[in-house]
Structure formats: structure tokens, C-alpha cells
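Just the heavy atoms: all of them, side chains too, but no hydrogens, waters or symmetry mates, feed the values below. Below, read A as the first sequence line, B as the second, and so on, with proteins coming before strands; counting in each chain starts at 1.
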There are 2 protein chains.
Amino acid sequence: MKRKITLKQIAKELDVSISTVSKSLRNSLEIGEETRLKVQAFAKFYNYKPNNIALSLKNRKTKSIGIIIPEIVHYFFSTVINGIEQVANEHGYSVVICLSDDSFDKEVLNMEMLANGSIDGFIMSLSKETQYKGDFHHITEVINQGMPVVMFDRVTNDILCDKVIIDDKAAAYEAVQSLINNGRKKIALVTTVDYVSVGKLRTDGYEKALLDNGIPFNEDLIIKIEDVDTCEITISELLHARAFDAVFAVNELFAVTIIKTASKMGLKVPEDLAVIAFTDGIISKYSTPSITTVSQSGEKMGNKAAKMLIERLEAEHDDDEDENENYTTEVIETHLIKRESTD
Amino acid sequence: MKRKITLKQIAKELDVSISTVSKSLRNSLEIGEETRLKVQAFAKFYNYKPNNIALSLKNRKTKSIGIIIPEIVHYFFSTVINGIEQVANEHGYSVVICLSDDSFDKEVLNMEMLANGSIDGFIMSLSKETQYKGDFHHITEVINQGMPVVMFDRVTNDILCDKVIIDDKAAAYEAVQSLINNGRKKIALVTTVDYVSVGKLRTDGYEKALLDNGIPFNEDLIIKIEDVDTCEITISELLHARAFDAVFAVNELFAVTIIKTASKMGLKVPEDLAVIAFTDGIISKYSTPSITTVSQSGEKMGNKAAKMLIERLEAEHDDDEDENENYTTEVIETHLIKRESTD
DNA sequence: TTGGTTTACGAAAACGTGGTAGTGTTGAAA
DNA sequence: TTTCAACACTACCACGTTTTCGTAAACCAA
């Protein structure tokens, strides 16, 4: 068990100074060839690699970016991480991931933990609780300390920073419009509680599509679900009443539950009930019938978010004092993936 | 944009020494109450938090653990991360995640990147390519440097370290046995290529179950799939031949594809074809029919792996020189979750 | 006053690195 | 012989923290 070797040890061993070793390894011309090669050979033999921590301390850069998301066992979020990691890796950054579990306190704690020098910048998606409370002081704080933050998907207008989102409203509009185009008139919306930013936007798009097509907006057809487990009961009641002939669900878990419930009741999908879901995930693809979805490329969002963050990190290097914060909000394209759950 | 405040700045501002500030903040008795309170008030006002990087350098502990896995958009692996994160968080550790993309080179690169001081220990699952090549020098190296490694799921006997696995062979045996108990005789095995350790073990269990029940082991019923996309074709050919009445698939993606293919051909699941899959994921739960699976709790594996690693990390603190490496291999329980795809 | 103890604080080293500035030796040009 | 430059290397500082050791001042007993 030999600990990793340091410059100091090499210096001692070769009886030169630490600076000589350092310079030799960086091929400085100051060092004579003989010494240089000797040092390099020795370093290679003992597999010397500079200590990242020491470098971080010295350079005030950790070359790692913090990701804070509500959960990781979640198709969309894991694709985003994947996208972030790709770009980060290309640029020599590592990613450190913290989960908020949709809890405000955990989000704050995690951010504080990472903000004390562990990372160079954040990429995050707000927890439900944070969106509910509307308390963003922890984010403002890190931004004030000069640490760049990029938010994605679940964002807030209350914070000025770079953002990566999809046009939730337009995407929802498109989905509902396609149901209408297929002759559906009684379209239900199955969504989450209001304070989740994306849920609200998708509802707006749903409403607008209806109104634009002269279909009255009916509050009774909006089903707000807090917990997936209660979804089935609520759904089956409404299905019994035959209150609707199409459903637009804000996520695929709701959608597949609806389809399963409908099937149990003998309803045919899509004949009796057409279903479209938001977020193209693995369930939609493998469900029977497979589900028409609004694609929302988490990977692209991750790519973009990472690019924005890294650009800002590398730029900071230059201007130092220059405080021209021209924050941008990037909108990632979505499109409808037609599958078996719609006609 | 005020940068984070440091001990030095506080010291300067209050006209005391750095040591005094440090001691005051740690409530040392050496410092007079007046000074102590003054410093604490000042620090609190400016929201002083010690710099993690500096602490890491000093303590030679980063309080973060590196996770290296083949992919993250994968139900099982994300549950493992979830499990690791829970325990890590409880103990004040962060997790930094690197993806190998099932590539040997990326695995090596990532490990080297993290091994240079960024983390205190590794939790990892081998990439396919690494298992194929059988080259583990990068792992041996970090272990030799005194960095603890815990492997899970895709492990190797060639490396001595702590491991967390399930009894793949026994679990496969149980699954196949249950098919046999239901009167199935022609049971196909749909698996991956051989070099993936778990694939091999599951095959062994399959074979043993057959032999123990006096059913001849038929090579033709073993379908090795390298790429999911080719799965459908291979499967449908065999189904046409009616070569089997039950399938044991080593993952749920294979299973759902098989079910979909069978359904298209007019075969009924489970009447005409019973299906059991390894790894209980989200697809199995929401597939129609839902799929009977061997549960393999990623979360528990993650919990256990993190516990083992952290225990070793905290223990190291004491013995320093003591090299009693009593590595253990923890076996996580599995059980069969019966759903609609079997009778 | 002297000697010793306590109180309250400061200086400095250490963790590992890398850059700037400095130092001493050699050889050659003035 | 002096001067200057090139060479080859070392000293030192900073990054932010903790900790060990040291010490000045104050206090108290003799």
C-alpha cells in the first residue's frame, strides 16, 4: 500500500527542489535536459499525478459541477444527467449529484454543502416543495457569491440565471390540438398540483387549445393528482361516468395508469379513449398499447445546460470584474411522437 | 458579487490573528469570551463557512465517494445510486458520478480522474468491455494506493475487495423452478453475451433448475442477444417454430419485447407463453400484462455498498498501518414478484 | 521584587501545487 | 579584469484551514 507520490517526495528522492520537479514535469525550459528527463522518468515510474485537491485550492477551480435534482429514479432526470455528463466529460469536468427528494430542506442543505468550494457551478431543477414555498434565497445566495447557476425544466422567474426549458405551453397545445384533430371533444387533463411550474404551463396550453377550437373549458375535466397511488381510483370514477373520450396526461406514469384502468373496464384504447402523455420515456414505448407522447429530450436539455454553465465558467476567467450578466433562456424543441394510444 | 469570506479576511477585519478566528469559531476555551463572541457574530453576519477544498487538503479526506457505473438511464443503476446517496448523505458524504458507457477506456479515465484526490473511495459496477477484456489494472492500482473500492452487481473474482451482489444463480434457479412448477417444460433463456458476469451466473442457475427437474438442457433454447434491437427478430423466429412455452429473460427489456412480439403473433401471455424477467423495474410493473420478475433491490444494494465503504473509510482513520483487509461479499436477498405474465 | 501560573492570543507549519522572483555559477564579450 | 548574459536551479508566496507551540501580559503567592 504505497500512498500516491507527491512533488515533495520526488524532490527529496532526487535531491532537487520541489520547483525543479514541478517545472521539469511541465517541460519548462528553465530546467536542464538531464535533470528534466531524470525527473520525468522518475515521476512516470511512480505514476505521479498532480493532486486535484491541491490544484483546486490553488486555482480556485474544482473542475466539477453540481447537479441538484428532485429524484434520480426517474427517466427524464436520468436522461438529463446523461446529457450533462457527456458535455462535462468532454470538457474535463466531473459531476457531483445531490438529490433533493423534492424536499426544500434537503435542497438547501445540499446546495450549501456544495457551495463551500466543492464545485464551480450548479445545474438544477427545483424541488416541488421549493416551488410551493417560493423561497429561493439559497439560490440567490450562491449566485451572489459569483457561482453560476443553470436551471432546467422546473425553473422560476424569480431567479435571474441561465435556464433550459421546453415550451411546455406550446407542446401541450400541440398535443391537445392533435386530439381535437382526431375528432375528440371531451378531453380530460390529468395533471399534478398547481405549484409545479411545468404543470401550470401545460394546463395553460391545454386550455388555450380547447378555447381556440371553440370547445368549452370544463373544470371538471381537470384532474389534479398529488400521488400516483390515488390516480387509479379517481380515474376509474370518471371513466365510469364516460365523462371524456380523450386524456392528456402530464406524465407517462399517469398515462399508463389511465390506460390500464380503462382496459380493466373494458374500454378500448384508442377507440374509446385516446391518450397522450407528456415526457417521452421508457414506459410509453413499452406500454401496451404504446403511448403517444410529447418528446422532451432530457439529453438535449442536459447537453445545453452543461454547455451554458461551462461557457460561463470559462468566460469568468477573463472578465473578472465585468458584471455583464446577459442571462439567456434556451428553449429545447419538442415534438409529438405518435404511437398506438391515439388514432 | 461578494466572494465567500475566509478566515484571513475575518482576521484582518477584526484585527486578530487567523488562529484566533479559527479557534473562536470552534469554541476553543483558549480564546476569551469577548473576542470569541465578537468573532462568531462577525462570522455569522458574513455567513462564513469553511472552505471544503482547504479542509480536504488538510484532512486528506474529501468526504465524497465516487460512483462508476456503465449507464445511468437504467432503472436498476439509478436505484442503486439512490440507495448510495441516501446513506452517503446521512454520513455527510457527497457522491460524484461517472459513467463508463460500458467502455473500458472511459472507465479507466474516470477512475484515474477521481483517484487523484477527488474522492475517498469508489463504488462501482464493471463495464461490459472491462469484463470482456478482463483487465482490472486500474482497479488494482487505486486499491494499492490505499483507496477502498466496493464493487456491486457486475463484479469480478480477480479483484479482492468488498462486494455487494445478489445470488444470481439461485435467483435464476428459483425463477425457472417456478415456471417448471407451473407445468412448463420447454423453457427458453434469453440472455446477454457470456462475458457479462451476471449473465453467466443466471445461465448456470437456469441450467441447474432444468437438470434438477430432469429436463434436458437444450442449447437451441438459449438465445444470446447483444443488442436489444435485434431481439425482436430472433424472438419471433423462435416463436413461430413454437419451440418453447416459457421464457426466462435476464432483463425486463428483453421480456417486454418478447411479450410484445408474442402478442403481435396472436399468442396469449401467459397461456401460450409464460414470461419471467430478472430485475424488477418500472417496465415490468407497467407492462401489459405486467411481468413476473426476480426483484433485485438496487436500493438495498446501494445502501449496503455505501455502508461498507463508509465503514472502511472511517475505520482507516484508526489503524493507519494495520493492513488486515478482511474483505467481505454481501449477498442481497431476492424474491420472485408474481404478476400477470405467469400463471 | 521574584518566581511561577494562568489567561489570551499569535506565529508558523502542514496539506500539495505552481508561478514569480531571485541566486549563484559559468563563460564570454568589452 | 570587469560586466553581462545565459543557464540551472532554489526560495518564497499563495490558496484556506487546523493545530501545535510559543510568549507576552496579568495575576498571585512568597
Start with the C-alpha gap between A:Ser100 and A:Ser103, add the side-chain angles, then the distance that decides, and say whether side chain to side chain donor-acceptor pair (under 3.5 Å) holds. CA-CA 5 Å; A:Ser100 66; A:Ser103 141; over 6 Å; no
Counting the atoms with a prime plus P, OP1 and OP2 as sugar-phosphate, which does B:Ile18 contact under 4.0 Å by heavy atoms, base, sugar-phosphate, or nothing?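 It contacts base atoms.
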Evaluate whether atom [atom1] of [X] has more than 12 neighbouring non-hydrogen atoms of other residues, nucleotides or ligands under 6.0 angstrom away.
X: A:Asp158; atom1: CG; answer: yes
X: B:Phe104; atom1: CZ; answer: yes
X: A:Lys12; atom1: NZ; answer: no

Are the side chain of [X] and the backbone N or O of [Y] linked by a donor-acceptor pair below 3.5 Å?
X: B:Asp135; Y: B:His137; value: yes
X: A:Asp120; Y: A:Thr62; value: yes
X: A:Thr328; Y: A:Glu330; value: no

Where does the chain B footprint on DNA chain C start and end, counting 5' to 3' with a 4.0 Å heavy-atom cut-off? C:dA8 to C:dG16
Would A:Glu85 and B:Ile72 count as a side-chain contact (heavy atoms from CB on, under 4.5 Å) if you check the C-alpha gap in whole Å, the side-chain angles of each, and the deciding distance to 0.1 Å? CA-CA 10 Å; A:Glu85 209 266 354; B:Ile72 196 165; over 6 Å; no
Which heavy-atom pair separates [X] from [Y] by the least distance, and what is that distance?
X: A:Met113; Y: B:Asn52; answer: O-ND2, 2.9 Å
X: B:Asp102; Y: B:Lys128; answer: OD1-N, 2.7 Å
X: A:Ile31; Y: A:Ser24; answer: CG2-OG, 3.5 Å
X: B:Leu126; Y: B:Arg154; answer: O-NH1, 2.9 Å
X: A:Phe152; Y: A:Ser125; answer: O-OG, 3.0 Å

Test side-chain contact (heavy atoms from CB on, under 4.5 Å) on B:Met124 and B:Val150; report intermediate values, then the result. CA-CA 6 Å; B:Met124 66 182 305; B:Val150 177; over 6 Å; no
Euclidean distance, atom [atom1] of residue [X] to atom [atom2] of [N] [Å, nearest integer]:
X: A:Lys58; N: D:dA14; atom1: NZ; atom2: P; answer: 11 Å
X: A:Ile53; N: D:dC15; atom1: CD1; atom2: C1'; answer: 13 Å
X: A:Lys38; N: D:dC9; atom1: NZ; atom2: C1'; answer: 12 Å
X: B:Arg3; N: D:dC15; atom1: CZ; atom2: P; answer: 12 Å

Listed in order of residue number, which residues of [range] have a non-hydrogen atom at under 4.0 Å from DNA chain D?
range: residues 45-52 of chain B; answer: B:Tyr48, B:Lys49, B:Pro50, B:Asn51
range: residues 19-27 of chain B; answer: B:Ser19, B:Ser22, B:Lys23, B:Arg26
range: residues 5-17 of chain B; answer: B:Thr6, B:Leu7, B:Lys8

For B:Ser127 and B:Thr130, does a side-chain donor sit closer than 3.5 Å to a side-chain acceptor? yes
Which residues in residues 28-37 of chain B have at least one heavy atom lying under 4.0 Å from any atom of DNA chain C? B:Glu30, B:Ile31, B:Gly32, B:Thr35
Are B:Glu112 and B:His138 close enough, and set up right, to give a side chain to side chain donor-acceptor pair (under 3.5 Å), and what steps lead you there? CA-CA 8 Å; B:Glu112 283 177 354; B:His138 50 303; over 6 Å; no
Quantified as the angle between the terminal helix axes (five pairs each), what is the overall bend of the helix from C:dT1-D:dA30 to C:dA30-D:dT1 to 10 degrees?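 For the helix from C:dT1-D:dA30 to C:dA30-D:dT1, the axes at either end differ by 90°.
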Dump the intermediate steps for side chain to side chain donor-acceptor pair (under 3.5 Å) on A:Asn47 and B:Glu141, then the final yes or no. CA-CA 10 Å; A:Asn47 193 26; B:Glu141 205 155 285; 3.0 Å; yes
Describe, in one word, how the ring planes of A:Phe76 and A:His74 are oriented to each other, choosing from parallel (under 30°), tilted (30 to 60°) and perpendicular (over 60°).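 Ring orientation of A:Phe76 relative to A:His74: perpendicular.
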